[in-house]
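Quick notes on the structure that follows.
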Amino acid sequence: MSKIKSLDELMKIREEAEKSFNLRSTSESEDRVQIRVGMATCGIASGARETMNAIVDELEKENITNVSVTQTGCMGFCEEEPIVEVLFPDKPSVVYSLVDEERGREIIQKHIKQGILLENAIMNKSFNTARE
Amino acid sequence: MSYKMHLLVCGGTGCHASDSDILLETLREEIKANGLENDVQALVTGCFGFCEKGPIVKVYPDNVFYIEVKPEDAKEIVAEHLVKGRRIERLLYEEPTLEVKLAEHKEMPFYKKQLRIALRNCGFIDPENINEYFANDGYQALGKAVTQMTPRDVIDSVKESGLRGRGGGGFPTGMKWDFATKYDADQKYVVCNADEGDPGAFMDRSILEGDPHSVLEAMAIAGYAIGASHGYIYIRAEYPLAIERLKIAIAQAKETGMLGEDIFGSGFNFDIELKLGAGAFVCGEETALIHSIEGKRGEPTTKPPFPAESGVWGKPTIVNNVETLANIPVIINRGSDWFAKIGTEKSKGTKVFALAGKINNVGLVEVPMGITLREIIYEIGGGIKNGKKFKAVQTGGPSGGCISDQFLDTPIDYDSLIQIGSMMGSGGMIVLDEDDCMVNIAKFYLEFTVEESCGKCTPCRVGNKRLLEILEKITEGKGTPEDLKMLEELGSAIKDTSLCGLGQTAPNPVLSTLKYFRHEYEAHVNEKKCPSGVCQNLLSYEIIPDKCVGCTACARVCPVNCIEGAPKKVHVIDQSKCIKCGACYEACKFDAIKKG
Amino acid sequence: MENNQLTKEMYDELERFIEAIPDKENAIIAVLHKAQEICGYLPREVQEFIADKLNVPANKVYGVVTFYSYFTTVPKGKYAINVCLGTACFVRGADKIVNELEKKLDLKIGETTPDGKFSLDGLRCVGACGLAPVVMINGKVYGKIKPKEVNKILAEYND
């Protein structure tokens with residue numbers, strides 16, 4: 001990436017970045033699903049890395065290509081780590097708690113493939129934030 | 001099968017107690033009765049953290065949030081909402097007037113106690129991808145500052161926001177920056193204090209791991225404001241992941257021109273370098289930290305001169321904590337007025353607390369200043385583990401104190417916490433229950449400060465050691481009433497005469513427990529009893545004859561063979577030989593051994 | 001303790017690192033971090049080597065080494081056991097875990113077993129308070145452990 005030399009340039013890059021970040025605002029990526037895995041020290045200590053690998057592996061096995069898996073920071077709820085968030089376009093996010101490898105694979109099999117939420121594993125992360 | 005709608009019913013302890021399980025059953029029956037079982041799935045979910053209005057029902061994807069739903073409401077929810085698509089107004093939760101415009105999908109007010117400013121991107125963006133930071137207002141504040149504001153504007157903005165240092169003392173950040181502008185020098189420095197040493201506090205690590213760019217952006221803004229072109233992040237070597245993510249973030253920021261030369265074409269240059277700490281709590285003190293950056297022993301020096309006059313390499317320096325910095329971009333973007341509306345009169349904005357100890361929901365929470373401990377512990381934290389009784393909450397780490405239940409409803413901010421004998425500190429919040437001995441807790445913190453005292457000044461080096469010895473004496477059952485007086489006298493002398501913040505605050509855990517839990521000290525000293533059953537020397541174990549079935553388990557594990565009794569007969573402990581190891585207590589499967 | 005031999009390669013690597021530092025006098029902590037990474041610990045001869053290369057008095061280096069708890073002058077075990085002694089772990093029984101480990105390994109906190117296999121140390125808060133009490137062995141985290149489980153964990157390192 002080249003250096004950004006003005007605020008206008010930053011705003012342009014922001015717009016582009018926002019499109020790929022915020023699935024809801026783009027029409028061409030209507031079927032894109034995003035999975036975020038909380039990968040801070042506490043998450044990793046509780047096995048988030050293994051969970052993420054299992055999720056990626058399961059997606060490959062199932063040949064699912066419209067799902068992107070990314071890491072993110074601490075979601076704040078240590079007791080429930082590893083935490084995984086599933087974002088379907090135009091739908092509110094669903095946050096799963098205590099996701100071990102097995103539950104990670106189950107998320108792919110049920111939630112991603114069939115649209116069935118995993119009973120008992122849902123936790124909700126929603127708070128007021130400073131973003132506009 | 002793919003469901004079109006989901007009904008989430010809270011199954012947390014609070015809601016469960018108000019019949020959420022019956023509610024769920026009734027909802028399922030109604031769904032079936034209306035032939036919707038293939039379209040709507042009703043399921044249990046974890047606590048929404050909003051127990052006071054339970055049971056909670058959330059409807060996806062409509063984003064409708066119903067509160068205080070009773071089983072008899074189920075019929076109406078299904079008939080009106082699910083079948084006809086009409087929301088049931090009387091069950092809707094009304095959001096209190098909040099002048100924060102929330103993102104679309106965050107409009108749901110559950111978890112309403114939290115307001116995330118410093119943690120805004122944590123758990124939301126990929127910290128290793130600068131584009132995701134760009135997509136969420138990233139580096140806009142820096143761009144705005146260097147191209148549209150003068151350094152004076154920036155400082156005034158931070159001053160007007162009322163932001164105070166989040167690392168402990170609560171010094172006004174804008175004023176700190178302003179001081180550094182008063183001294184002329186060929187070079188100035190911005191230092192980020194990421195030497196998070198308080199045991200039980202991990203918000204800084206979380207910010208660095210989850211949103212490193214916000215700290216880099218804020219440091220550059222600070223550099224522009226005070227006229228510095230170089231920054232240091234002083235970080236604990238014990239945080240390898242945070243170090244790694246910072247390295248990646250710095251490289252990406254340089255590549256995109258967010259750090260380096262001529263930022264946004266403004267002619268302003270700024271670079272950031274990492275400095276690793278090596279495990280010394282005192283290095284959280286700014287003068288000690290500066291010495292450590294210079295590669296020396298991290299011993300504090302007297303102030304003045306303040307770092308704003310003479311800091312790193314003798315140059316004007318500002319030292320800001322991670323959480324403080326993470327607030328800066330938001331203040332610049334949204335304006336100081338917006339920020340100043342949050343919080344209390346003298347403590348603006350939010351504070352991140354690390355909730356830990358005997359609490360159900362251990363975690364990081366960010367709440368507006370002025371919230372009460374009750375709200376944090378019972379509403380956000382979900383109450384005390386295993387249904388035990390709340391005893392105290394320790395705030396401020398080794399520099400803070402223990403707060404008893406009488407202050408649960410005090411709105412907390414920097415000043416109110418000091419008034420009740422504790423302090424904000426970095427925001428560690430350890431919840432203690434009836435099983436914790438307050439004398440032992442005070443001893444734990446003193447052991448910590450004694451070990452971490454750098455040894456430079458006598459009150460801290462020797463005084464705290466003596467305090468600890470007295471506490472050890474008391475927990476061993478050898479204390480006298482005079483010892484309690486001594487603790488108070490010595491404690492206040494150490495506070496008054498120590499060189500730096502570490503020593504000046506070290507007696508706080510002792511003095512605050514002595515003030516609010518004096519009866520526990522007195523029990524140790526006068527009755528030679530530990531009311532919580534923690535201090536080993538003051539314990540006695542006794543077999544309750546009615547409960548003992550004579551299984552011999554206790555006698556077999558006793559290392560000194562002081563338990564007598566034949567199989568199937570009641571056993572007895574010989575108190576004169578008992579070493580109070582507790583092995584029998586652990587071994588008994590019939591709760592027949594009493595600890596007291 | 002065959003693993004603690006300091007080799008010439010180690011000194012060479014350290015020397016190359018020091019050579020590349022422009023401002024040598026103020027780099028003691030950074031050099032010590034590197035030295036401990038290379039050698040595993042910081043015995044007297046390594047400290048003297050560093051003092052010599054940085055052109056500072058050896059006592060200054062020693063002063064820094066002993067000031068910071070991260071630096072160690074004695075070799076750690078092949079498996080370094082660290083028990084978190086932060087407050088959250090403390091109130092959830094970390095002291096009992098320490099007692100159990102001391103008993104099982106027959107050593108005191110801060111020591112290394114004579115065969116060099118295990119060393120036991122306390123550390124201040126790894127920030128995984130949700131998992132308290134926490135034990136780390138060579139970076140691997142064991143959370144919510146009970147004294148009874150200590151044996152099982154140690155058995156994993158039975159080689």
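Per chain, numbering begins at 1; letters A, B, ... match sequence-line order. No hydrogens, no waters, no symmetry mates; every other heavy atom, side chains included, goes into these values.
For L276(B), the parts sitting under 4.5 Å from any heavy atom of chain C are the backbone and the side chain alike. C454(B) touches chain C through backbone and side chain together, each having a heavy atom under 4.5 Å away. At a 4.5 Å heavy-atom cutoff, V534(B) makes no contact with chain C through either its backbone or its side chain. Residue S206(B) does not touch chain C at all, counting heavy-atom pairs closer than 4.5 Å. Heavy atoms of L123(C) lying under 4.5 Å from chain B are absent altogether. For chain C, the nearby part of L432(B) is the side chain; its heavy atoms alone come within less than 4.5 Å. When heavy atoms are compared at a cutoff of 4.5 Å, F281(B) does not approach chain C at all. Contact of E451(B) with chain C is made through the side chain alone, with heavy-atom distances under 4.5 Å.
Taking chain B as the reference chain and counting heavy-atom pairs below 4.5 Å, the highest number among S69(C), A27(C), A132(C) is found for S69(C). Of the listed residues (D23(C), T66(C), N26(C)), the greatest number of heavy-atom pairs within a distance under 4.5 Å of chain B belongs to N26(C).
When all heavy atoms of A280(B) and F67(C) are compared, the pair lying nearest together is CB-CE2, 3.8 Å. Across all non-hydrogen atoms, the minimal contact from G86(C) to F444(B) is C-CZ, 3.9 Å.
Proximity of a side-chain donor or acceptor of H33(C) to a complementary backbone N or O of A237(B) within less than 3.5 Å is not detected.
Note: I430(B) CD1 to R92(C) CZ = 9.5 Å, rounded to the nearest 0.5 Å.
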